[in-house]
Amino acid sequence: MVRQTPGWSLFGVAIPRLGRSLALAGLAVGGTMLPSTTWAQAEAADLEPPLETVAVTASSEVDPDASEELEGGDGVTPVWPASDQSRPGYRPSEVPMGPPPPPSERPRLLPPGWETSSSEQMPEGETDGSPITSAGQEPVDETLPRPGRTPNAVPMPPLPPSQRPSRLQANPAASPDRPLPSNSSDDPAEQIAPAVIELSPTGRPPSPVVFLAMQQELKNLIGRFESALIMERAWEMPTVLSLPNRDPVLTASADAVNVSGERGGYLHPALGEAEQLLTEWDDLLKAGKHGEVRDRWLAARTALWDNFPTERSQAQGEIRAVWLDRGTIVRARSPEGLSDVFDKLAAAGINTVFFETVNAGYTIYPSQVAPEQNPLTRSWDPLAAAVELAHERDMTLHAWVWVFATGNQRHNRLLNQPADYPGPVLSRHPDWAGYDNVGNRIPRGQDKPFLDPANPQVRSYLTRLMTEIVTEYDVDGLHLDYIRYPFQDPGANRTYGYGEVARWRFQSISGVDPLEISPRPDRSLDRNQQIQQQILWDRWTDFRMQQVTSFVETLSSALRRQRPGLVMSAAVFANPEHDRLQRIQQDWGTWARANYLDWIVLMSYAGDTSRFERLILPWLVDESFGSTLVIPGIRLLNLSDAATLDQMQASRDLPTPGYALFAANDLNAELSAVLAQTQESASPAAANPYAMALSRYQALQREWNWLLAQERLWMDHDMLMPWLESVNALGAEFEALAENPSHRQLETVKTGLATVRRPLTSSILVDTTNSGYRLQSWQYRLTAIDQLLRYGDRMQP
């Protein structure tokens, strides 16, 4: 209950009603809520999904002839460590070290001359040139062999996999020539993050923890519903703010005002039912009425989803991307067929297409660098057609390429190839392959061989291939996928990265074959020897991580010299950093902060909006990546249309520049129709970041103007008029920046933005059901605008 105070100006309105409803899709069912430190891993068709754990469904690669070829998860739920190591940006502290043992007692794991001391920190990896040391670390002894030099004081380089001793082939059936049968349900890259709230289909009452999550989810859903409702109703409002003709000033004698609805009323009847449940929530649980709470929660969520506004445009300037998968391209069969695909995407308001260009080692186009074009597209050039079709529709097209994954056992079935066929690249260059620690090209439970990122020939080939794409075709960007190592489980001693060159290079700088070290401590060694073993293992992990990072840096630099203005992006996992580095060696935070990439696209595929928000919030709110944009991804497969719209609205209420949908194959007619009604096709995208920032600011202006007109927004009278003047002045400055960008005008806009957002904390009140959510969403949206301004400044020539 908010009571009036002297000196405040109030505006209020009656309840408009909404007639149209949106069909609600199914409810996820299962067990109890997973803790916030439990994650699920997921990958759809060709794109890698998030490095999360668990239990819902997995998808297989999109089959161009039979898209229903899908496989399910096995229900196993690995649990991530519940510690500070799960924080984004966290790097584990170094293992404490005692004084070094005398030389005679040092383990043979370390080459002669490499001493450790109590003050030495874990060494980092190395680039193509020389080892890298962190601040405060002692440099690597220059007397040791360096990359590119033949080692002198270390053993000879390891034998190739085919000549390794039999002890390395622990399982004869898992040799490079006889990979284990693929079991995609075991592949952590093929799971989606499960719903936070999974209710039992038997009606069994949830646990107290789940009830708490349900309560918070309903509050947030109310906020998201109101956001969409206000944005839709404000769409035709003027962008210049003005006060209504009446301006009542409340005094201490005036009636009390309930911003929950007694005066202004609820914006929609469904909000009243949801708010009533929240009001009674604690009392119902105390009375033991758990079943009633569960049933009313389901009814409230259904009512809000059913009435989600879908009749008019409600969007703002944003990146609306979709991954256009190989299966959809193959089924198009011709430029004419592909034209129909692009027509549907444009009608749905999509303005950015990640076009699958390199898949499983095949190019979608006739290449002079790659060994083979995909046999299913050899009669035409889909990439050339796609570039033309996208630009005709004012869409940007980014070539989506698999980087280090270079084959696919499921794809082999489509081409009538043997199951163990490694793809066109590795079949011609078997020495380019990576291996796991028992000699398999394909790790157990997975179905894709990987190239060795440490191999200079691999790096040269990939650079030449991507240079061909961006120079021979007028693509707007390059989108990197599988820019990592395969999934590993160091705790179970299942690791990867043992290509012939990688082993030789690591041995040349450390004196140790990485196959001789283990991530698990050897209890037969004394403490200092175990510490030295851990140092070596950490150094091997850093070495592999650096191979990927240095390739991203080198590739980005080379391609930007060829094509200034090219947008570089990558599809990455949203996992905590420490886990990501240990399991796939993907250090995308470094790539973003160093500006190697322009966009980071999170594979935040989740079974419900609560999980979706948990995946993306750490990277959007708790971390900063400078001028690099971070875009959440939404997985369409097995997600209801209502849940999809809910996740899209969550993205719009957070500091993001837009969203990406995976994938075109799963964009059904019903969802396409809703998107066509709610997304203005002419909305500016990131090709013009200042115009997109202007569009987003104008959406806020219309929203504030509508709330003023409906008497639902108030502020201290002495602050109200100056704030209105600042809002309107900033709108004019934004227009000037979008029309004639300059550094001086940009600074003026940034100053005005800070002035406008300052009162949007304790100095303003809003008459909506969840006013706290409204104020927070405005702050997040202003943060997104600020990010677009930084990105625009970076992209200016």
Side-chain angles (χ1 to χ4, degrees), residues 41-53 58 60-61 78 161 170-171 174-176 179-191 358-361 401-412 419-423 425-426 430 432-455 458 462 480-503 514-515 519 540-541 543-549 551-552 570-573 575 579-588 603:
Q41 295 151 11
E43 167 174 303
D46 295 330
L47 182 71
E48 310 181 273
L51 180 70
E52 279 274 332
T53 73
S60 67
E61 181 186 15
N171 185 346
S175 69
L180 285 169
S182 173
N183 180 1
S184 60
S185 64
D186 292 334
D187 189 348
E190 301 207 354
Q191 308 296 316
V358 180
N359 167 294
V401 299
W402 290 23
V403 182
F404 295 123
T406 191
N408 190 330
Q409 291 182 324
R410 283 171 294 187
H411 191 244
N412 291 344
D420 60 354
Y421 178 60
V425 177
L426 284 181
W432 290 5
Y435 295 88
D436 69 9
N437 57 330
V438 293
N440 300 308
R441 274 193 304 239
I442 300 177
R444 185 174 64 184
Q446 302 182 46
D447 61 7
K448 298 175 183 69
F450 275 62
L451 297 167
D452 178 5
N455 190 320
V458 167
L462 291 172
L480 308 178
D481 196 8
Y482 292 96
I483 183 70
R484 61 171 177 88
Y485 284 83
F487 278 91
Q488 302 140 64
D489 185 355
N493 201 29
R494 291 165 56 180
T495 57
Y496 197 93
Y498 304 90
E500 296 179 34
V501 173
R503 290 175 61 193
L515 277 170
W540 168 236
T541 299
F543 172 87
R544 289 175 293 159
M545 177 191 71
Q546 188 59 28
Q547 303 318 302
V548 180
T549 294
F551 178 74
V552 173
V572 303
F573 290 91
N575 279 64
D579 177 81
R580 198 174 355 101
L581 299 186
Q582 293 296 315
R583 299 194 65 193
I584 56 173
Q585 293 81 54
Q586 186 180 70
D587 187 18
W588 60 258
M603 293 176 290

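Because the structure is predicted, anything quoted here is derived from the model rather than measured.
In this structure, OG1 on Thr495 lies 6.0 Å from CZ on Arg544, to the nearest 0.5 angstrom. Note that OH of Tyr485 and CG of Leu581 are 12.5 Å apart. Values are rounded to the nearest 0.5 Å. Here Arg444 contributes atom CZ and Gln446 contributes atom CD; the two are 10.5 Å apart, rounded to the nearest 0.5 Å. With values rounded to the nearest 0.5 angstrom, Tyr482 atom OH is found 11.5 Å from Ile584 atom CD1. Taking CG of Asn359 as the start and CG of Asn408 as the end, the distance is 6.5 Å to the nearest 0.5 Å. Summarising the geometry, atom NZ belonging to Lys448 is positioned 4.5 Å from atom CZ belonging to Arg410; distances are rounded to the nearest 0.5 Å.
Using a 4.5 Å heavy-atom threshold, the side chains of Ile483 and Val548 count as touching. Between Gln582 and Thr541, the closest side-chain pair of non-hydrogen atoms falls below 4.5 Å. Looking at heavy atoms from C-beta onward, Pro443 lies out of side-chain contact with Phe487 at the 4.5 angstrom threshold. Side-chain contact between Pro514 and Trp540 is present, with at least one heavy-atom pair separated by less than 4.5 Å.
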Could you please spell out the steps behind the ring pair (Phe, Tyr, Trp, His ring centres under 6.0 Å) verdict for Trp402 and Phe450? CA-CA 10 Å; Trp402 290 23; Phe450 275 62; 8.8 Å; no
Trp588 vs Arg580, side chain to side chain contact (heavy atoms under 4.5 Å, CB included): CA-CA, chis, key distance, verdict: CA-CA 9 Å; Trp588 60 258; Arg580 198 174 355 101; 3.2 Å; yes
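The side chain to side chain donor-acceptor pair (under 3.5 Å) search around Gln585 returns Gln488, not counting sequence neighbours. Residues passing the side-chain contact (heavy atoms from CB on, under 4.5 Å) test with Asn493, sequence neighbours excluded: Asn437, Ser518, Pro519, Arg520.
Not one N or O on the side chain of Arg503 forms a donor-acceptor pair closer than 3.5 Å with the backbone of Tyr498. Using modelled atom types, one side-chain atom of Asp452 and one backbone atom of Ala502 make a donor-acceptor pair closer than 3.5 Å. Panel note: side chain Asn412, backbone Ala419; a donor-acceptor pair is recorded below 3.5 Å.
For Ala433 against Arg441, the heavy-atom pair with the smallest separation is CB-CD, 3.8 Å. Heavy atoms only, all atoms of each residue included: Gly361 and Val425 are closest at O-CG2, 3.9 Å. Residues Val501 and Ala454 share a closest heavy-atom pair of CG1-O, 3.4 Å. Between Pro449 and Leu426, the shortest heavy-atom contact is CB-CD1, 3.8 Å.
With Leu462 as reference, Val403 is the one residue of Val403, Leu480, Thr406 to meet the side-chain contact (heavy atoms from CB on, under 4.5 Å) rule.
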